[in-house]
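Notes follow once the structure below has been shown.
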2 protein chains.
Amino acid sequence: MRLLSYFLLLAFGGTVSVTAVGEPSREFAVHSIGWVKKAQGKTTIVLDKKYQPGLHGLDGFSHVYVLYWFDRNDNPEKRSVLQVHPRGNKQNPLTGVFATRSPARPNLIALSLCKIIEIKDNVIEIENIDALPDTPVLDLKPFIPQFESKNAVVPEWLSRGT
Amino acid sequence: MRLLSYFLLLAFGGTVSVTAVGEPSREFAVHSIGWVKKAQGKTTIVLDKKYQPGLHGLDGFSHVYVLYWFDRNDNPEKRSVLQVHPRGNKQNPLTGVFATRSPARPNLIALSLCKIIEIKDNVIEIENIDALPDTPVLDLKPFIPQFESKNAVVPEWLSRGT
């Protein structure tokens with residue numbers, strides 16, 4: 001059965017590893033499409049030139065989701081962290097990484113919603129982003145308010161602001 | 001100079017390819033942490049057992065971002081698409097993939113905001129998700145309303161609903 005899964009998964013183009021409990025995990029490759037740049041008081045996403053056609057129409061949106069890679073944490077230790085004290089504050093309860101925005105997590109994908117200031121050729125100037133300079137960018141997605149929830153509930157530790 | 005970049009990037013653990021315009025691109029590996037399951041009228045995210053500690057505290061949130069992989073599109077053709085007619089409707093203007101939620105894009109990362117119904121062990125029941133059954137899940141992030149924008153603007157084609 002495992003052998004069958006293995007061949008099926010290979011047929012669909014993924015690579016296969018087997019987790020501790022015997023469930024197959026699949027691996028996929030992502031690559032940078034551009035970079036976070038910070039200079040002269042400006043924050044920009046500089047896309048590789050070849051991806052510039054992908055920006056067409058983004059100027060109709062005020063906000064963009066930026067998906068990027070926590071590349072400074074790309075090691076087995078940081079990728080095996082499953083629980084943290086949010087914001088590094090021991091007063092905050094030990095919490096699963098999937099219930100936080102922790103930069104240490106199994107897949108180092110970061111998500112930030114950013115206000116667009118200007119788009120020129122392959123460069124998007126944004127208001128701000130909580131990412132280090134030269135961070136690899138993986139994807140951009142438009143922010144569509146009706147996809148988002150207006151009636152969301154969050155835990156108490158989040159309302160304390162530390 | 002390119003050689004220097006090459007060695008620097010290798011030192012930081014990425015693999016390197018060079019784009020058409022000579023800028024180095026970096027590649028990273030992501031792996032499934034679980035799967036989208038649909039059965040008996042229920043939609044669930046079934047996490048691999050070993051990641052269950054990462055869910056601790058997610059029950060304090062009403063909504064979760066699910067990041068998953070458009071695995072049915074994982075081929076060079078779909079990953080080279082840079083412009084589409086949104087929702088496959090030719091009446092919608094040809095638009096860059098980074099200005100749409102198109103499932104054909106350079107990195108096949110999908111993002112959906114989902115309402116949590118119940119969390120039990122390694123299984124999260126959600127209200128709904130626009131993903132096919134057995135889709136690989138890459139990450140979960142809590143939805144935090146104050147990170148989101150209340151004053152967002154979108155293009156005209158989005159208000160038409162088709």
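All chains are named by letter (A, B, ...) in the order of the sequence lines, taking the proteins before the strands, and each is independently numbered beginning at 1. Note that the coordinates shown come from a computational prediction; the quantities given were computed from them, not determined experimentally.
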Quiz item: What part of B:Leu67 gets closer than 4.5 Å to chain A, counting heavy atoms only: side chain, backbone, both or neither?
Solution: side chain
Quiz prompt | Where A:Ile109 and A:Trp69 come nearest, the two heavy atoms and their spacing | solution = CG1-CZ3, 3.8 Å
Quiz prompt | A:Ala110 versus A:Phe70, closest heavy-atom pair with distance | solution = CB-CZ, 3.3 Å
Quiz item: Side chain, backbone, both or neither: which part of A:Ile116 has a heavy atom under 4.5 Å from chain B?
Solution: neither
Quiz item: If you round to the nearest 0.5 Å, how far is CZ of B:Phe28 from CG of B:Asn107?
Solution: 10.0 Å
Exercise. Specify which of B:Arg79, B:Gln83, B:Arg101 makes the most heavy-atom pairs with chain A at under 4.5 Å.
Key: B:Arg101
Practice problem: Name the region of A:Thr100, side chain, backbone, both or neither, that has any atom closer than 4.5 Å to a heavy atom of chain B. | Solution: backbone
Quiz item: With B:Glu125, which residues qualify under side chain to side chain contact (heavy atoms under 4.5 Å, CB included), at least two apart?
Solution: B:Lys42, B:Thr44, B:Ile117, B:Glu118
Quiz item: Heavy atoms under 4.5 Å from chain B: which residues of residues 126-141 of chain A carry them?
Solution: A:Pro136, A:Leu138, A:Asp139, A:Leu140, A:Lys141
Quiz item: Out of A:Val97, A:Ile33, A:Leu111, which one racks up the most heavy-atom pairs below 4.5 Å with chain B?
Solution: A:Leu111
Quiz prompt | Shortest non-hydrogen separation from A:Ser102 to A:Ala104 and the atoms involved | solution = OG-O, 2.9 Å
Quiz item: What's the shortest heavy-atom distance between B:Tyr65 and B:Pro142, and which atoms?
Solution: CD1-O, 4.0 Å
Quiz prompt | Shortest non-hydrogen separation from A:Asp48 to A:Ser32 and the atoms involved | solution = OD2-O, 4.0 Å
Quiz item: What residue in A:Leu55, A:Val30, A:Thr95 has the most heavy-atom pairs under 4.5 Å with chain B?
Solution: A:Val30
Exercise. Kindly give the heavy-atom pair with the smallest separation between B:Ala99 and A:Phe61, and that separation in Å.
Key: O-CE1, 3.5 Å
Practice problem: For the pair B:Val36 and B:Ile45, evaluate side-chain contact (heavy atoms from CB on, under 4.5 Å) and give the outcome as yes or no after the intermediate values. | Solution: CA-CA 5 Å; B:Val36 174; B:Ile45 308 292; 4.0 Å; yes
Quiz item: Who among B:Val84, B:Val81, B:Leu113 has the most heavy-atom pairs with chain A under 4.5 Å?
Solution: B:Leu113
